[in-house]
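This report refers to the structure that appears directly beneath it.
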Amino acid sequence: MDLGIRGKSALVCAASKGLGKGCAASLAREGVNLVITARGSEALEATATELVKKYGVKVTTVAGDITTPEGRTAALKACPSPDILVNNAGGPPPGDFRNWSREDWLKALDANMLTPIELIKATLDGMIARRFGRIVNITSGAVKNPIPELGLSNGARTGLTGFVAGLSRQTVRHNVTINGLLPGPFDTDRLRSNAEAQAKRAGVPVEKITADRIATIPPRRLGTADEFGATCAFLCSAHAGYITGQNILMDGGIFPGAF
C-alpha cells in the first residue's frame, strides 16, 4: 500500500534507537524526509547514515534533550513546519510514590506531558494551514493498564492522553489527527536494561527474567521496533484521516479487556 506521504517532512523525537528509530525507519521507507533527535550524537548519526543509505531520503540530525527548552528550540529550528510529528521521550524511573518529591513529579510531567504539548503547540497551526498533519504520541501501555511501580509515568502520560482527547476532536476537521501509540513489552535497549537490573536485584540470570516476561505475553515473544514503526507510519498516512483521539495499544494482547 502506498501511504500517500512521499515527500512529506517529519520530526521524530528520540529516534536514534528503539521504538523511535522504528518509526523513523518506517516513515523513511515511505519517502518521508526526516529530522531526528536524540541525546547521544553517535547513535543518532549512525541511524541517520543508515536511513539515508537504505531509503535515499533527507535526514537531518539534532543532538540534544527534547525535554528541555533548548532541545525543543534546536529541533524546531531544524524542522519548523513538519507535516508529521512523532513525540517520544524515555519514561521516568520506577519506585514507590512515598519516595517521590515534587521535583520528581515535575520532571516526569515536563518529559512525558508538557514536552509533547509544547511541540504540538509549536507545529499545529502550520499543519492546519496546510490542511494536513499527523501527530503520534508514543506513550505507554501503562496508560491503559497501569503498572504500580511506574506511577510517575502512569500519571504524566495519562495527563497527556486526557489533553489530546479534547484537542484531537477540534483539529480533525482540518485533516490534522492526533493519536497515541501505547507500547507494551518490545525488544529494546530499555527493556533489556530493566531486565538486567531486575535480575541483579533478584540474584538470577537475566535470561530467566526475560523468559518469565515472555511467558506472560500471548504470542510468546517480544514486539519488534519494525512492527511498531509500521503502525506509526499508517497512522501518519493519507489513509488515516478518520482516525483521531485514539490510543492504539500494542502489547501482544496482555491487557485482558474486551475493549
Side-chain angles (χ1 to χ4, degrees), residues 12-26 38-40 43 47 67 86-100 104 107-108 111-113 116 136-161 179-235 246-259:
V12 184
C13 303
S16 64
K17 298 179 181 179
L19 301 182
K21 181 180 178 180
C23 293
S26 290
R39 285 177 292 181
T47 292
T67 69
V86 180
N87 280 313
N88 185 28
D96 185 324
F97 82 96
R98 297 171 183 82
N99 299 322
W100 293 328
D104 293 326
K107 186 176 180 179
N112 298 128
M113 178 180 173
V136 175
N137 298 315
I138 300 175
T139 60
S140 170
V143 170
K144 178 80 172 178
N145 191 18
I147 301 170
E149 63 269 21
L150 295 182
L152 290 170
S153 179
N154 296 342
R157 296 189 193 278
T158 302
L160 173 64
T161 304
N179 293 289
L181 266 180
L182 284 56
F186 278 78
D187 188 12
T188 63
D189 286 350
R190 180 175 173 83
L191 184 141
R192 287 188 289 273
S193 65
N194 286 345
E196 289 168 1
Q198 187 178 352
K200 185 176 181 179
R201 289 194 301 270
V204 299
V206 69
E207 291 80 9
K208 174 173 170 48
I209 297 295
T210 302
D212 289 348
R213 182 73 179 276
I214 289 174
T216 68
I217 307 170
R220 298 299 187 265
R221 67 174 180 87
L222 299 172
T224 70
D226 285 345
E227 59 195 341
F228 188 88
T231 304
C232 179
F234 179 76
L235 288 175
Q246 302 305 302
N247 292 284
I248 311 301
L249 179 62
M250 296 187 68
D251 69 348
I254 293 172
F255 181 71
F259 301 101

Practice task
Please assess V204 against I209 for the test side chain to side chain contact (heavy atoms under 4.5 Å, CB included), listing each intermediate value before the final yes or no.
Solution key: CA-CA 8 Å; V204 299; I209 297 295; 3.7 Å; yes
Can you name the nearest heavy-atom pair linking [X] to [Y], along with the distance?
X    : Y    : value
A24  : A15  : CB-CB, 4.2 Å
N112 : G91  : OD1-CA, 3.9 Å
A108 : A156 : O-CB, 3.6 Å
L19  : A225 : CD2-CA, 4.2 Å
S140 : R157 : CB-CD, 3.6 Å

Problem - Steps toward side chain to side chain contact (heavy atoms under 4.5 Å, CB included) verdict (D251, L182) - result: CA-CA 8 Å; D251 69 348; L182 284 56; over 6 Å; no
Problem - Positive for side chain to side chain contact (heavy atoms under 4.5 Å, CB included) with C23, one of V136, N88, I138 - result: I138
Handout entry: Of T188, D226, T47, the residue whose pairing with K21 passes side chain to side chain contact (heavy atoms under 4.5 Å, CB included)
Key = T47
State, yes or no, whether a side-chain contact exists between [X] and [Y] at a heavy-atom distance under 4.5 Å.
X    : Y    : answer
L222 : I214 : yes
M250 : P183 : no
I217 : I254 : yes

For [Y], does its backbone N or O pair with a side-chain atom of [X] as donor and acceptor, under 3.5 Å?
X    : Y    : value
T67  : A111 : no
N137 : T139 : no
T216 : R213 : yes
N179 : Q246 : yes

Handout entry: L191 and F186: CA distance, side-chain angles, deciding distance, side chain to side chain contact (heavy atoms under 4.5 Å, CB included) verdict
Key = CA-CA 7 Å; L191 184 141; F186 278 78; 5.7 Å; no
Straight-line distance of [X] [atom1] to [Y] [atom2], nearest 0.5 Å:
X    : Y    : atom1 : atom2 : value
D212 : Q198 : CG    : CD    : 8.5 Å
S26  : F228 : OG    : CZ    : 10.0 Å
T161 : M113 : OG1   : CE    : 9.5 Å
I147 : E149 : CD1   : CD    : 6.5 Å

Practice task
Run the salt-bridge test on R192 and D189 with the 4.0 Å N-O cut-off and return the result as yes or no.
Solution key: yes
Handout entry: E227/R221 ion pair, N-O < 4.0 Å
Key = yes
Practice task
Take I248 and L235, measure what side chain to side chain contact (heavy atoms under 4.5 Å, CB included) needs, and give me the verdict at the end.
Solution key: CA-CA 10 Å; I248 311 301; L235 288 175; 4.2 Å; yes
